[in-house]
Amino acid sequence: MRLSQILISTLREDPADAEIPSHRLLARAGLIVKIAAGVYTYAPLMWRVVQKFAQIVREELNREGANEVMLPIIQPKELWVASGRWDRYVNDGIMFTLKDRKGTEMCLGPTHEEVMTTYVNAQVNSYKQMPVNCYQIQDKFRDEIRPRFGLMRGREFIMMDAYSFDADVAALDAAYQKMRNAYCRIFERCGLDYTVVQADSGAIGGAGSEEFMVIADSGEDSILYCQQSGYAANVEKAASKLPDAPNGGEPKKMERHATPDVKTVAQLQAFFPGWEAGRMAKTLLYHVTWKAKVKVIAVMMRGDLEINEVKLTNTLDALSVRLATDDEIKAATGAETGFAGPVGLRDDVPLIADESLRDRTNLLCGGNESGFHCLNVNLGVDCRMPSFKDLRTARAGEGCPISGHPLQQARGIEVGHIFKLGIKYSKAMSATFMDQQGKPQPFVMGCYGIGVSRTPAAAVEQHHDEKGIVWPASIAPFECVVAMLDPKRDEQVVLAEQIYQKLKAAGVDACLDDRPLSPGAKFKDHELLGFPVQIFVGRRAAEGFTEFLLRRGMQKSEVAVADLTAQVLAALGR
RNA sequence: CGGGCCGUAGCGCAGUCUGGUAGCGCGAUUGGUUUGGGACCAAUAGGCCGUGGGUUCAAAUCCCACCGGCCCGACCA
């Protein structure tokens, strides 16, 4: 391709609304253009990037026997009612809904479990037809509460989702493993530094799930990992071994103390010298929403630790949880915020506690009365015995649950997520096949997503410098650019053309920069656009020499034309 | 949805406090000179100052409402 024929519009200045490197660079390079919040046009060079990545995804999925299909973007409400997800997605506000001419409610697909399950259910009647794995690569729509970071969190975005259908759990496990392997190959081929972490399965539900995280400071997810054991988990899911808190000793008689205006753990430590946070048990009131009811419940946590609301939601099998408001707290405990405790808590307020409080004695708790706290509280003696659950947010520095070594923390961009769904959707939607006994059974499903527009952005996040993007060769818009510095000089034009043709003949995805720009402008453009290998045909063209630049590291050397193709192939690892 | 902020030429911004001719840089167009780090000279084009209402002799500027957008938070296959 000749760059003179491609729409390229790099900006001299950073766009005003971009924060993170990938958004800033993709916008400045003119590769993405915003049309509304979280909605972007992909410029020709960016579309090449997306297509190259999508092709890698296809090749690796096809290798595992998956079938590419095209599913509708517009979906009828009834499918979502059948799976039980309409209300949740609409209430969460992320569903784009619309009505057709007849007034039938439809939505723009935020994901495709419903459609795919319906499709496969109609086609697959027998266990003999499985395993089946279908995927699609296309636009998805989510009216994100807060779109941001360019392609990282858009409202319209490109995604690959694959769905596997099997007759039993063992077959699902095999399908899952195949997809996991394919995912590893995909992200390796993109040159990404990624980690597979245990994850919460969230709104989509199901048994096990793992996320593929690209490590980057701008990542929206926090992950904890251990190099010794290989353990890695999203902080939403992570477990850890805790260092012991100070022992409370033999149970003593509870004391009630006036603590006016002392509300926080820090204030309590100052008020009661010698009582460390680890000997306190804070009690937080949560407003919990289930499908058919809402309730305020009390959750106890050791004073020096934090509640993990994802774990709390899962433990309670709730749709959502949020901290209770001051009014709700007063209604439930009779006390102002800051004095809630288990002692004398109303019987109709359920009480649960984190495992870190099991068997702990002589705790410091809120008094359930404004201005009072209790010392030497013993659970099950001075108050109800709570049920104990893992509700704690694991933190860096705590022990790895496998090796005990201190956990380390990093930020990650979620580029892939794989789930063992089981029969959650097939059962809800009555999607069944005939088993060997001739009895209908629900499909055992898995689902597997990759952010197709997000992954290239993540690649930029990981591969850039102060001058611009440094594309990994496998997804670069072109592997190599051949630029004539002065298109008015015939020897440069002729030589550049020759080199370009030779590279193409050698199988290099090359482009020719024949634009009538000054040399400086071309240098800047190519630094920003990030072609991995850059060849400049300039003042030494007549002598048969060119300049050879590797974008990563910006190493520049003079190379004779005769050696050029070999050098380019070597630089591309071929 | 809570908190903070912003809408002025294609992009980046000044002007708004203190009402009175709408500006700067980049980009674009034309002509000329250039050609190794976003060239130079000259000329030109380009604005319902987000929208609607109000105050005023007079509104980009003051007031109200709405719309759009950004950041923090909550939220989030």
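All chains are named by letter (A, B, ...) in the order of the sequence lines, taking the proteins before the strands, and each is independently numbered beginning at 1.
One C1' atom belongs to B/G7, the other to B/G15, and the distance between them is 15 Å to the nearest Å. On the C1' atoms, B/G31 is 39 Å away from B/G20, given to the nearest whole Å. For the P atoms, the distance linking B/A74 with B/C62 amounts to 34 Å, nearest Å. Across B/G50 and B/G12, the matching P atoms stand 15 Å from one another, rounded to whole Å. Taking atom P in both B/C24 and B/U44, the straight-line distance is 12 Å, to the nearest Å. Across the C1' atoms, B/G46 and B/U30 are found 15 Å apart, a figure rounded to whole Å. Distance noted for atom C1' between B/U56 and B/A14: 26 Å (whole Å). Between B/A22 and B/A59, the two P atoms lie 12 Å apart (nearest whole Å).
Of the two residues contacting RNA chain B, namely A/Ala16 and A/Ala36, the nearest-nucleotide position lying further toward the 5' end is that of A/Ala16. The nearest heavy atom of RNA chain B to A/Pro147 and to A/Lys140 marks one nucleotide each, and the one closer to the 5' end goes with A/Pro147.
No engagement by A/Glu210 is indicated, since no non-hydrogen atom pair under 4.0 Å with the nucleic acid exists. Base contact: A/Arg148 has a heavy atom under 4.0 Å from a base atom. Nucleic acid contact for A/Arg153: base, since at least one base atom lies under 4.0 Å from a heavy atom of the residue. As judged by a 4.0 angstrom heavy-atom cut-off over every strand, A/Lys556 is placed among the base-contacting residues. The residue A/Glu414 sits close only to the backbone: its heavy atoms come under 4.0 Å of sugar-phosphate atoms, none of a base. The residue A/Tyr163 sits close to a base: some heavy atom pair falls under 4.0 Å. Here A/Glu211 lies out of heavy-atom contact (under 4.0 Å) with every strand. Within the nucleic acid shown, A/Glu144 has no heavy atom closer than 4.0 Å to any nucleic acid atom. Nucleic acid contact class of A/Lys34 (heavy atoms, under 4.0 Å, all strands): sugar-phosphate only. Across all strands shown, A/Arg454 has no heavy atoms under 4.0 Å from either base or sugar-phosphate atoms.
Within the cation-pi definition used here (under 6.0 Å to the ring centroid, within 45° of the axis), A/Lys556 qualifies as a partner of A/Phe523. Stacking of A/Lys420 on the aromatic ring of A/Tyr176 is recorded, both the 6.0 Å distance cut-off and the 45° axial limit being met. By the 6.0 Å and 45° rule, A/Lys77 does not stack over the aromatic ring of A/Trp80.
The base of B/G38 is not paired with the side chain of A/Arg515 by any donor and acceptor separated by under 3.5 Å. One donor-acceptor pair, N or O on each side, does fall under 3.5 Å between the base of B/G38 and the side chain of A/Asp525.
Listed nucleotides B/G69, B/G36, B/G38 differ in distance to A/Thr10; the shortest reach to its side chain belongs to B/G38. The side chain of A/Ile145 approaches B/C75 more closely than any other nucleotide in the set B/C11, B/C75, B/G69. In the set B/G38, B/G25, B/C70, B/G25 carries the atom at the smallest distance from any side-chain atom of A/Glu13.
The distance between atom CZ of A/Arg88 and atom P of B/C75, rounded to the nearest whole Å, is 12 Å. Regarding A/Arg155, its CZ atom lies at a distance of 14 Å from the C1' atom of B/C70, rounded to whole Å. Distance CG (A/Asp143) to C1' (B/C75): 13 Å, rounded to an integer number of Å. Note: NZ (A/Lys467) to P (B/G38) measures 12 Å, nearest angstrom. Atom-to-atom, CZ of A/Arg24 to C1' of B/C70 comes out at 16 Å; the value is rounded to the nearest Å. One can place CG of A/Leu312 at 16 Å from C1' of B/A74, the figure rounded to the nearest angstrom. Taking atom CD1 on A/Ile32 and atom P on B/C11, their separation rounds to 15 Å, with Å as the unit. What separates CD of A/Glu547 from P of B/G37 is a distance of 11 Å, to the nearest Å.
Judged by distance alone, the side chains of A/Glu210 and A/His417 never bring a donor and an acceptor atom under 3.5 Å apart. For the residue pair A/Asn234 and A/Glu211, a side-chain donor N or O sits within less than 3.5 Å of a side-chain acceptor on the partner.
For the pair A/Glu19/A/Arg24, no side-chain contact is recorded, criterion being any heavy-atom separation below 4.5 Å from C-beta on.
Counted within 6.0 Å of CZ on A/Phe96, heavy atoms from surrounding residues, nucleotides or ligands total more than 12; the atom is thus considered enclosed. Atom CD of A/Glu78 is surrounded by 12 or fewer heavy atoms from other residues, nucleotides or ligands within 6.0 Å.
When both pairing distances are held under 3.5 Å, B/A14 makes no Watson-Crick or G-U pair with any nucleotide shown. The base-pairing partner of B/C5, taking Watson-Crick or G-U wobble contacts with both distances under 3.5 Å, is B/G69. Across all strands shown, the partner of B/A28 is B/U44, judged by Watson-Crick or G-U wobble contacts whose two distances both fall under 3.5 Å. Of all nucleotides present, none satisfies the Watson-Crick or G-U wobble test against B/A74 with each distance under 3.5 Å. The partner of B/A39 is B/U33, by the rule that a Watson-Crick or G-U pair needs both atom distances under 3.5 Å. Nucleotide B/A58 is matched to nothing when pairs are restricted to Watson-Crick or G-U wobble geometry with both distances under 3.5 angstrom.
More than 90° away from 0 lies the glycosidic angle of B/U30, which makes this nucleotide anti.
Aromatic ring orientation, A/Phe187 versus A/Tyr183: perpendicular (interplanar angle above 60°, classes split at 30° and 60°).
Between A/Ser518 and the phosphate of B/A39, there is a side-chain N or O to OP1/OP2 separation shorter than 4.0 Å. Phosphate proximity of B/G27 to A/Arg12: present, with a side-chain N or O under 4.0 Å from OP1 or OP2.
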